[in-house]
Amino acid sequence: MQYRTIADTAVSAIGLGAMPLSIEHRPDEARAIATVHAALDAGVTLIDTADSYQWHADEVGHNELLIARALARYGGDTSGVLVATKGGRGRPGDGSWTVTATPAHLKQAAEASAKRLGVGTIGLYQLHKPDPAVPWAESVGALSELLDAGTIRAAGISNVTTAQICQAHQILGDGLVSVQNQYSPAVRDSEPELRLSTQLGLAFLPWSPLGGIARSSLDGPSGHTPVGTPFHHIAAERGVSPQQIALAWLLARSPAVIPVPGASRPPSITDSVKAAELTLSTEELSRLEDALLPEVGHGPLPA
């Protein structure tokens, strides 16, 4: 396994996005826990969760509790696993998502997440999404208070703009360690945020990193699965999965990138992890980037 860093913590270059284990179309608990264990067996040391990863309205924290049980039942050492969770969103049970990022809610949510995860201090706590009804500085200020109280060890922000990253960095300083935005071969609107994160030394954790290559867990079993892209062609030439090529492309974009692909079956995460050992050639990267929109540009971002 290759490693990258979130602040001063080394984590696997590929993490596990645990959302599919708790939302609609989720697997039964036995398969869910087997998926987490398969990730750990493969060397994954970063697990991404959130208090809102649930299906029904009355099961807040479903995914956090599941991850805690999976870690407790694992036969090996889990002391080096960083569980990153998020707060500030909700799911009322009808498939929609809500946003509540008041300081009072975030502080209460973080304390509840710590209890569900069974930890005294959350390793990485991320504000899930800016709340348009709350000044950004107030929401970020709650993260600062959580850091001071020792409830969380490090803070991150998700679904943000460059301006919001800059303001959060001014407020939190070294306490801000990560940005988690959607970024994939199909969705690259966060190129400026990736570039800024790289410049500031923040880890960039792309969510839904396989967009344009594989169906998202939110698409449901009838969702469209893309085929025939240059990612698929290079995968065929290499004898690997298109998902591995997509993740290797992401890793090549910047040393700040740590993808967290979702998985609901052990073989899925086992396959994804292999991307950490896959180095794409300059020619392969050019072929992939030539097929993308012009704003992506060529070559890796500067460190």
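Scope of the values below: all heavy atoms of this structure, side chains included, with no hydrogens, waters or symmetry mates.
Between the side chain of K86 and the backbone N or O of T49 there is at least one donor-acceptor pair closer than 3.5 Å. Between the side chain of N181 and the main chain of N159, a donor-acceptor pair closer than 3.5 Å is present. T270 places a side-chain N or O within donor-acceptor distance of the main-chain N or O of P266, the cut-off being under 3.5 Å. In this structure, T121 contributes its side chain and G150 its backbone to a donor-acceptor pair below 3.5 Å. At distances below 3.5 Å, not a single donor-acceptor pair connects side-chain atoms of S272 with backbone N or O atoms of P261. No donor-acceptor pair under 3.5 Å is formed between the side chain of W136 and the backbone N or O of Q167. A donor-acceptor contact shorter than 3.5 Å is absent between the side chain of N63 and the backbone of Q54. With hydrogens and angles ignored, the 3.5 Å screen pairs no side-chain donor or acceptor of T5 with any backbone N or O of D8.
Counting heavy atoms from C-beta outward, L176 and L200 have side chains that stay 4.5 Å or more apart. Using a 4.5 Å cut-off on side-chain heavy atoms (C-beta onward), R4 and V257 make contact. The shortest distance between side-chain heavy atoms of R116 and D51 falls below 4.5 Å. Between T45 and M1, the closest side-chain pair of non-hydrogen atoms is not below 4.5 Å. The closest side-chain heavy-atom distance from D48 to Y53 is below 4.5 Å. Between T161 and E193, the closest side-chain pair of non-hydrogen atoms falls below 4.5 Å. Side chains of L280 and R238 form a contact here, defined as non-hydrogen atoms less than 4.5 Å apart. For the pair L278/L247, no side-chain contact is recorded, criterion being any heavy-atom separation below 4.5 Å from C-beta on.
The OG atom of S197 sits 4.0 Å away from atom CD1 of I165, with the distance rounded to the nearest 0.5 Å. Once rounded to the nearest 0.5 Å, the distance linking CD of Q108 with OG1 of T102 reads 9.0 Å. The CD1 atom of I157 sits 7.5 Å away from the CG atom of L202 when rounded to the nearest 0.5 Å. Separation of atoms NE2 (H62) and CD1 (I67) is listed at 10.5 Å; rounding is to 0.5 Å. Rounding to the nearest 0.5 angstrom, the gap separating the CG atom in L16 from the CG atom in L21 is 6.5 Å. Atom CG of L194 and atom OG1 of T198 lie 4.5 Å apart (nearest 0.5 Å).
Shown are V99, D131, L127; of these, the side-chain contact (heavy atoms from CB on, under 4.5 Å) with R89 is made only by V99. In summary, of the residues considered (H128, M19, K129), a side-chain contact (heavy atoms from CB on, under 4.5 Å) with S52 occurs for H128 alone.
Taking the six-membered ring for Trp and thresholds of 30 and 60 degrees, W55 and H25 have ring planes inclined between 30 and 60 degrees apart. Classified by interplanar angle (parallel below 30°, tilted 30° to 60°, perpendicular above 60°), the ring pair W249/Y183 is parallel.
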- Task: Run the numbers on K115 and E64 for salt bridge (charged side-chain N to carboxylate O under 4.0 Å, His left out), then give the verdict.
- Result: CA-CA 10 Å; K115 290 180 181 178; E64 293 173 325; over 6 Å; no

- Query: side chain to side chain donor-acceptor pair (under 3.5 Å) between T100 and H105: does it pass, once the steps are laid out?
  - Reply: CA-CA 7 Å; T100 306; H105 174 82; 5.2 Å; no

- Decide side chain to side chain contact (heavy atoms under 4.5 Å, CB included) for L71 and V83; before the verdict, give the C-alpha distance in whole Å, the side-chain angles of both, and the deciding distance to 0.1 Å. CA-CA 10 Å; L71 292 174; V83 177; 3.8 Å; yes

- Message: Please evaluate residues S12 and V273 with respect to the criterion side chain to side chain contact (heavy atoms under 4.5 Å, CB included), reporting the C-alpha separation (whole Å), side-chain torsions for both, the decisive distance (0.1 Å), and the verdict.
- Response: CA-CA 9 Å; S12 54; V273 165; over 6 Å; no

- Please report the C-alpha distance between R73 and I33 in whole Å, then the side-chain angles of each, then the deciding distance to 0.1 Å, and finally whether the side chain to side chain contact (heavy atoms under 4.5 Å, CB included) criterion is met. CA-CA 9 Å; R73 298 176 191 175; I33 288 180; 3.0 Å; yes

- Query: R26 and S264: side chain to side chain contact (heavy atoms under 4.5 Å, CB included), yes or no, with the steps?
  - Reply: CA-CA 7 Å; R26 65 193 182 199; S264 60; over 6 Å; no

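The residues E111 and K107 are annotated as not salt-bridged, no charged nitrogen and carboxylate oxygen being separated by less than 4.0 angstrom.
Under a hydrophobic-cluster definition in which Ile, Leu, Val, Met, Phe, Trp and Tyr are linked whenever side-chain heavy atoms come within less than 4.5 Å, directly or via other members, L210 and I258 are assigned to different clusters. When hydrophobic clusters are built by joining Ile, Leu, Val, Met, Phe, Trp and Tyr residues whose side-chain heavy atoms come closer than 4.5 Å, directly or via intermediates, I152 is grouped together with L172. Under the 4.5 Å side-chain heavy-atom criterion for grouping Ile, Leu, Val, Met, Phe, Trp and Tyr, V177 is not connected to I171 through any hydrophobic cluster. By the criterion of side-chain heavy atoms lying less than 4.5 angstrom apart, applied directly or through intervening Ile, Leu, Val, Met, Phe, Trp or Tyr residues, V36 is not grouped with L124; the two fall into different hydrophobic clusters. A single hydrophobic cluster is not seen to contain both L46 and W207; linkage of ILVMFWY side chains at heavy-atom distances under 4.5 Å, directly or through other members, places them apart.
Closest of all the heavy-atom pairs between S113 and I122 is CB-CD1, 3.9 Å. Annotation for Q126 and L205: closest pair OE1-CD1, 3.8 Å, computed over non-hydrogen atoms. Taking all atoms of both residues into account, the shortest heavy-atom contact from T229 to G212 is CG2-O, 4.1 Å. Taking every heavy atom of both residues into account, G175 and L147 meet most closely at CA-CD1, 4.0 Å. Summarising the geometry of P103 relative to A142, their closest heavy-atom pair is CA-CB, 3.7 Å, with the distance given to 0.1 Å. Here the shortest heavy-atom pairing between A13 and P259 reads O-CD, 3.3 Å.
Within a 6.0 Å sphere centred on CD of E59, other residues, nucleotides and ligands contribute more than 12 heavy atoms.
For residues 254-266, no residue pair satisfies the salt bridge (Lys or Arg N to Asp or Glu O under 4.0 Å) rule, not counting sequence neighbours.
Residues meeting the ring pair (Phe, Tyr, Trp, His ring centres under 6.0 Å) test with Y3, sequence neighbours left out: none.
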